Structure formats: C-alpha cells, structure tokens
Amino acid sequence: MGIDDITITKTIFNRFTEEFKDFFDIDIAIAGAGPSGLTAARYLAEVGRKVAIFERKLSIGGGMWGGGMMFPVIVVQDEAKHLLEECNIDIRREGRGYWSADSIEAVVKLCSKTIDAGAKIFNGISVEDVLLDKDNRVNGFVINWSSIDVAGLHVDPLTIRAKYCIDATGHAAEICSIVKKKVKPKTGLLSKDIGEFSMHADIGEKAVVENTREVYPGLIATGMCANAVAGAHRMGPIFGGMLLSGKKAAEMILEKL
Ligand code: 48H
C-alpha cells in the first residue's frame, strides 16, 4: 500500500487539535521550557496535576544547552544534585560540593522526565499576555504562534485558563513585565522595577530560591525571572538554583491548590 499524503495531514491536524483542546482549562500553565519551568512542570505532573508549558522556540531547554560560554557543561551544588539524579543525568563529583553534567544530556533528560511525568509541552507558542479574572487575579495566559509574532502579522490570540500560572521566561521576566506594565497601574502590585543585578553566584543562587514566590495574585515567578523581578544577582552557569527554584514553585502551588 502506498503512502497517502492526506492521511498524514489528517493525522497531524486531528491529533494536535485533540490534544490542544484538552489543555484549554488546566491546573498550571507555565511560560518557558528552560530548566526552572521544566522542573516545576515535572513536580506538578508527577502528583497528577494537569500542566502545560508554552515555549516560544521550537527547542526546549532555554539557556541550558550552552553550559558556560558554549562549553557544554553545567555545574550544580550539593543541594541540587538530587534534581539531576532524579532525571538519571550522569553527574561527576568535582570536589568541595560541586557536581558537573553534560549540558546536552541534562536538557534532554530533564525534558524526557517532564514529559514522562505527564506534562505537556507546546512549542512554537509564545505567551503574549495574561488572562485576568473579575478581581484582576491572573487566571491564565494569552497565547499565539511565535511565527505570527516573527512575521509581524496582526492576528488576535487565543486563551488558556489555569488555576496558577508560572513565569519561567528567564532573564527577560516577560510575563511579570507585562503584568507590571499593564495590570500594575490599576492594582498597585508588583511595584518594583524589573531587572537583574550583576553577577555574584553565591548570593544569586541563594536569592533565586528565596525570590521564587507569588509575585502577583495567580502568578509565580521562578528561575532567572525570580531574580530579575527582585533585582537580585545573576549567577552564571551554575544551574542548581534554577532547578531548586522550579521545585519550590511547584511545591508552593501544591500547597495552595
Ligand atoms: C513562551 C518564552 C517567552 C514567552 C521566553 O532562560 P531560561 O533557560 O530560563 P530559566 O530561568 O529556567 O533558566 C535560566 C538559565 O538558563 C540562565 O539563563 C542562567 C542560569 N543565567 C545566569 C546568568 O548569569 O546568565 O528559559 C526561558 C525559556 C526560553 O526557552 C525562552 O524561549 C522561553 O522561556 N520564553 N516562552 N512565551 N513570552 N519568553
């Protein structure tokens, strides 16, 4: 039997639309599939929560692929070692509380574990705004194909409703910036300027976990975004804080739900 082109088209269209519509109204929506977003999604999905990540790029992994200055190695500290081990990532002891891993293996296995836990990743989709409820609490995301944005087309977006939303968009803290710009003038919340501080790995790594919090009702900041919102230090290519922050974001939400 020959290959039927239209069967391929129907399969792709039908399977995607079936799966997509199953995620219109979910427990947790996450913007960004970097290490913090992936870890938060894994912890939430592992306990049966319905969770989706919307990732702007085709590829997942955010800033983890390139290790430090494109040497594809990441470093984590003792406290975060278990988060790599849970994903079967091969780690090497570097002495004095440091562990290293191949950054490509780390991204692929973080992602694999997250999907196996039941989280859904939608790539090529950007979060361009938040959805509010009647009390102006964040109640979901406004999403659009990234390609529409790249093409500069004026096409209205669609919406996803979620009980909690997580901003895991990294340095740019995109969702928090939107809330600060559009929503804050009406509510007075999220009043600080958004922008990270220069590098100090020790302070930055501790701060990223402390700064993982509900920055606005319904919206949790995690990963590098948490430090950008707090004006805290960057930390360079040590990734333990990102993973620990994602875990904390998940635990905070599970306590609240
Ligand atoms: C959908 C979006 C949108 C959007 C962005 O940058 P990331 O890897 O984020 P983290 O916080 O998990 O990890 C940070 C880490 O990679 C890093 O940069 C470190 C440790 N830096 C330290 C230093 O000193 O430099 O991933 C964010 C993801 C990316 O994949 C983006 O494409 C995606 O979010 N994204 N997705 N809608 N509006 N904005």
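Numbering of ligands and ligand atoms starts at 1, following listing order. Note that the structure is predicted; figures quoted are calculated from it, not measured.
N139 places no side-chain N or O within donor-acceptor distance of the main-chain N or O of L131, the cut-off being under 3.5 Å. When atom types are taken as modelled, the side chain of D149 and the backbone of S126 share no donor-acceptor pair closer than 3.5 angstrom. Between the D167 side chain and the I175 main chain, a donor and an acceptor come within less than 3.5 Å of each other.
By the 6.0 Å contact criterion, OH on Y98 is open, its count of non-hydrogen atoms from other residues, nucleotides or ligands being 12 or less. Enclosure of atom CZ in R137 by more than 12 non-hydrogen atoms of other residues, nucleotides or ligands within 6.0 angstrom is indicated.
The pair E86-K113 does not meet the salt-bridge criterion, since no charged nitrogen lies less than 4.0 angstrom from a carboxylate oxygen. Using a 4.0 Å cut-off between charged nitrogen and carboxylate oxygen, K206 and E210 do not count as a salt-bridge pair. A salt bridge links K256 with E214: the closest approach of a Lys/Arg side-chain nitrogen to an acidic carboxylate oxygen falls below 4.0 angstrom. Looking at K163 and D27, a side-chain N of the basic residue comes within less than 4.0 Å of a carboxylate O on the acidic one, giving a salt bridge.
Of the polar atoms of H171, at least one N or O is found under 3.5 Å from an N or O of ligand 1, judged by distance alone. Close N/O approach between K57 and ligand 1 is not found [any backbone or side-chain N/O within under 3.5 Å]. Note: an N/O pair closer than 3.5 Å links M224 and ligand 1 by distance alone. At under 3.5 Å, not a single nitrogen or oxygen of T222, backbone or side chain, sits near a nitrogen or oxygen of ligand 1. Of the polar atoms of C225, none of the N or O atoms is found under 3.5 Å from an N or O of ligand 1, judged by distance alone.
The protein heavy atom nearest to atom 20 (C) of ligand 1 is G236 O, 3.7 Å. Here the heavy atom of the protein found nearest to atom 14 (C) of ligand 1 is M242 SD, 3.6 Å. Regarding atom 6 (O) of ligand 1, its nearest protein heavy-atom neighbour is G170 CA, 3.7 Å. Closest to atom 25 (O) of ligand 1 among all protein heavy atoms lies R234 NH2, 2.7 Å. From the protein, the heavy atom lying nearest to atom 5 (C) of ligand 1 is T169 CB, 3.6 Å. For atom 8 (O) of ligand 1, the closest heavy atom belonging to the protein is G63 N, 2.8 Å. At the shortest separation from atom 29 (C) of ligand 1 among protein heavy atoms lies E55 OE1, 3.5 Å. Residue, atom and distance of the protein heavy atom nearest to atom 34 (O) of ligand 1 are G32 CA, 3.2 Å.
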Would E79 and K81 count as a salt bridge (charged side-chain N to carboxylate O under 4.0 Å, His left out) if you check the C-alpha gap in whole Å, the side-chain angles of each, and the deciding distance to 0.1 Å?
CA-CA 6 Å; E79 295 79 3; K81 170 179 164 258; over 6 Å; no
* When you look at D22 and K50, which way does the salt bridge (charged side-chain N to carboxylate O under 4.0 Å, His left out) test go after all the steps? -> CA-CA 10 Å; D22 197 32; K50 200 164 185 67; 3.1 Å; yes
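Residue F239 touches ligand 1 through its side chain alone, judged by heavy-atom distances below 4.0 Å. Contact annotation: for M235 versus ligand 1, heavy atoms closer than 4.0 Å belong to both the backbone and the side chain. Heavy atoms of R56 found under 4.0 angstrom from ligand 1 belong to the backbone as well as the side chain.
Within ligand 1, counting atoms from 1 as listed, the ones closer than 4.0 Å to a heavy atom of E174 are 4 (C), 38 (N), 39 (N). Counting atoms of ligand 1 from 1 in the listed order, those under 4.0 Å from a heavy atom of P35 are 8 (O), 12 (O), 13 (O). Those atoms of ligand 1 with a heavy atom of G223 less than 4.0 angstrom away are 11 (O). Counting atoms of ligand 1 from 1 in the listed order, those under 4.0 Å from a heavy atom of F54 are 1 (C), 36 (N). Each of the following atoms of ligand 1 lies closer than 4.0 Å to a heavy atom of S36: 10 (P), 11 (O), 12 (O).
I30 has its side chain out of reach of F54: every pair of non-hydrogen atoms, C-beta onward, lies at least 4.5 Å apart.
Heavy-atom proximity to atom 27 (C) of ligand 1, evaluated over A172, A168, G62, A31, is greatest for A168.
Residue contact check for ligand 1: I125 places a non-hydrogen atom closer than 4.0 Å to it.
Side-chain polar atoms of H171 and E196 form a donor-acceptor pair below 3.5 angstrom.
Figure legend: R56 and F122 shown without cation-pi pairing, the cationic atom not lying both under 6.0 angstrom from the six-membered ring centre and within 45 degrees of its axis.
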